[in-house]
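Below: one structure, written as structure tokens.
Note that the coordinates shown come from a computational prediction; the quantities given were computed from them, not determined experimentally.
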Amino acid sequence: MGKRVAVVLAGCGVFDGSEIHEASAVLVHLSRGGAEVKIFAPNIEQKDVVNHLKGSPAEEKRNVLVESARLARGNIQDLAELKASEFDAVIFPGGFGVAKNLCSWAVDGKNCTVNEHVNSTLQAFHSAKKPIGLCCISPVLAAKVFPGCEVTVGQDKNVDGRFPDAETASAIAELGCKHVCKNVNESHVDKANKIVTTCAFMCKAPMHEIFDGIGTMVQEVLKLA
């Protein structure tokens, strides 16, 4: 029987929601792994809305659950309804929506607050010793909620200009966590906490390398589940 995996989204679109290619990669690799998937998102207003064509703020309001439903093809539930007891693992794709809607990292950095339902979901899976997968910027959620854990967001230096957000690794270390440097096609497994992370679009890399890296994260999550 396939593993039951919850996927938590943060909207739809890299600049104000979930990164679409990351979310799709997660779902494709879970499908390939025979997992039974249900998708969730918090029923809250987005912090902001970005015109992705112009890269500038838009004067409108959008709801994270409603926007995430675009990615879920309408088959989605309010994150408040997620019960860890009904799943074997949970995965959070990345995108700036994670840092804006699921927590306040985009504004507050390491001093951020985490959405109450996101926090309770992470705590529930961790307490039940069930694996948590995170990619791109979403490993900061684990760093904030689980001091002392190990995660990767790629490299801690901007190697060859491929890691423009390398300072995130320093902020993670300041939270008392261990940042582990990994290439884009790799993931890191914190065996003690059952947390699996990969950098995805935190690295400027060809799409297939990002896709493959997410694949290693999903595979490790399914192994641990």
Side-chain angles (χ1 to χ4, degrees), residues 7-23 40-68 70-71 78-80 82 90-123 126 132-158 163-179 195 197-204:
V7 175
V8 181
L9 300 180
C12 182
V14 59
F15 298 126
D16 57 14
S18 288
E19 210 295 321
I20 293 170
H21 300 294
E22 291 179 11
F40 298 84
N43 186 10
I44 57 175
E45 186 177 300
Q46 288 185 190
K47 175 174 174 52
D48 62 9
V49 177
V50 175
N51 180 322
H52 281 59
L53 179 61
K54 297 180 179 178
S56 58
E59 295 299 323
E60 59 181 287
K61 297 183 184 299
R62 295 190 184 185
N63 177 279
V64 174
L65 179 59
V66 172
E67 292 303 298
S68 297
R70 294 174 179 270
L71 284 170
D78 187 336
L79 182 59
L82 194 162
V90 64
I91 294 179
F92 290 76
F96 282 115
V98 171
K100 292 179 174 180
N101 305 324
L102 303 192
C103 69
S104 63
W105 187 278
V107 175
D108 302 319
K110 68 180 188 297
N111 298 316
C112 72
T113 56
V114 178
N115 171 274
E116 61 174 316
H117 295 303
V118 173
N119 184 69
S120 62
T121 295
L122 289 167
Q123 295 282 10
H126 188 258
I132 299 167
L134 309 114
C135 65
C136 194
I137 191 62
S138 59
V140 301
L141 295 173
K144 184 66 181 181
V145 176
F146 307 118
C149 72
E150 299 178 0
V151 300
T152 188
V153 289
Q155 300 290 322
D156 56 11
K157 294 181 177 60
N158 190 9
F163 294 89
D165 301 303
E167 70 276 3
T168 303
S170 298
I172 286 170
E174 289 174 15
L175 284 169
C177 299
K178 180 180 179 181
H179 179 268
I195 295 171
T197 51
T198 188
C199 69
F201 278 101
M202 293 291 275
C203 177
K204 291 184 176 181

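- Side-chain contact between Asp48 and Pro57 is absent, with no heavy-atom pair separated by less than 4.5 Å.
- Considering only heavy atoms from C-beta on, Asn115 stays 4.5 Å or farther from Asn101 through its side chain.
- For the atom pair OG1 (Thr113) and CH2 (Trp105), the distance works out to 12.0 Å, reported to the nearest 0.5 Å.
- For CZ of Phe40, the number of neighbouring non-hydrogen atoms (other residues, nucleotides, ligands) closer than 6.0 Å is greater than 12.
- In this structure, Phe15 and His52 have tilted ring planes: the angle between them lies in the 30° to 60° band.
- When every heavy atom of Val151 is checked against every heavy atom of Ile195, the shortest pair comes out as CG1-CG2, 4.3 Å.
- Looking at Glu19, its side chain does come within 3.5 Å of a backbone N or O of His21 through a donor-acceptor pair.
- With hydrogens and angles disregarded, a donor-acceptor distance shorter than 3.5 Å links the side chain of Glu22 to the backbone of Gly94.
- Between the side chain of Asn43 and the main chain of Asp78, no donor-acceptor pair closer than 3.5 Å is present.
- Side-chain atoms of Gln46 and Asn63, non-hydrogen and from C-beta on, never get closer than 4.5 Å to each other.
- Between the side chain of Asn158 and the main chain of Phe163, a donor-acceptor pair closer than 3.5 Å is present.
- A donor-acceptor pair is defined here as one N or O able to donate and one able to accept, closer than 3.5 Å; no such pair exists between the side chain of Ser18 and the backbone of Ile20.
- With sequence neighbours excluded, the residues that form a salt bridge (charged side-chain N to carboxylate O under 4.0 Å, His left out) with Glu67 are Arg62, Arg70.
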Side chains of residues 134-144: which donor-acceptor pairs under 3.5 Å do they make with residues two or more places apart or in other chains?
unit_1	atom_1	unit_2	atom_2	d
Ser138	OG	Phe92	O	2.9
Ser138	OG	Cys135	N	2.9
Ser138	OG	Cys135	O	2.6
Lys144	NZ	Lys110	O	2.8
Lys144	NZ	Cys112	O	3.3

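- Residues Gly11 and Val64 share a closest heavy-atom pair of N-CG1, 3.7 Å.
- Taking both residues in full, the closest heavy atoms of Pro93 and Ile91 are given as CD-O, 3.7 Å, listed atom of the first, atom of the second, then distance.
- How far NZ of Lys47 is from OG of Ser104: 8.0 Å, rounded to the nearest 0.5 Å.
- With rounding to the nearest 0.5 Å, the separation of SG in Cys177 from CD1 in Ile172 is 7.5 Å.
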* Asked: Given the rule in the side chain to side chain contact (heavy atoms under 4.5 Å, CB included) test, do Gln123 and Val145 qualify, once you have shown the distances and angles that lead to the verdict?
  -> CA-CA 8 Å; Gln123 295 282 10; Val145 176; 3.4 Å; yes
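- Taking the side chain as every heavy atom from C-beta outward, Leu79 and Val118 approach each other to under 4.5 Å.
- Listed here is the closest heavy atom pair of Leu9 and Leu102: O-CD2, 4.1 Å.
- Evaluation of the salt bridge (charged side-chain N to carboxylate O under 4.0 Å, His left out) rule for Glu167 yields no partner, not counting sequence neighbours.
- Ring planes of His126 and Phe146: parallel class, angle under 30° (limits at 30 and 60°).
- A donor-acceptor pair is defined here as one N or O able to donate and one able to accept, closer than 3.5 Å; such a pair exists between the side chain of His179 and the backbone of Val153.
- Side-chain atoms of Asp165 never come within 3.5 Å of backbone atoms of Thr168 as a donor-acceptor pair (strictly under, hydrogens ignored).
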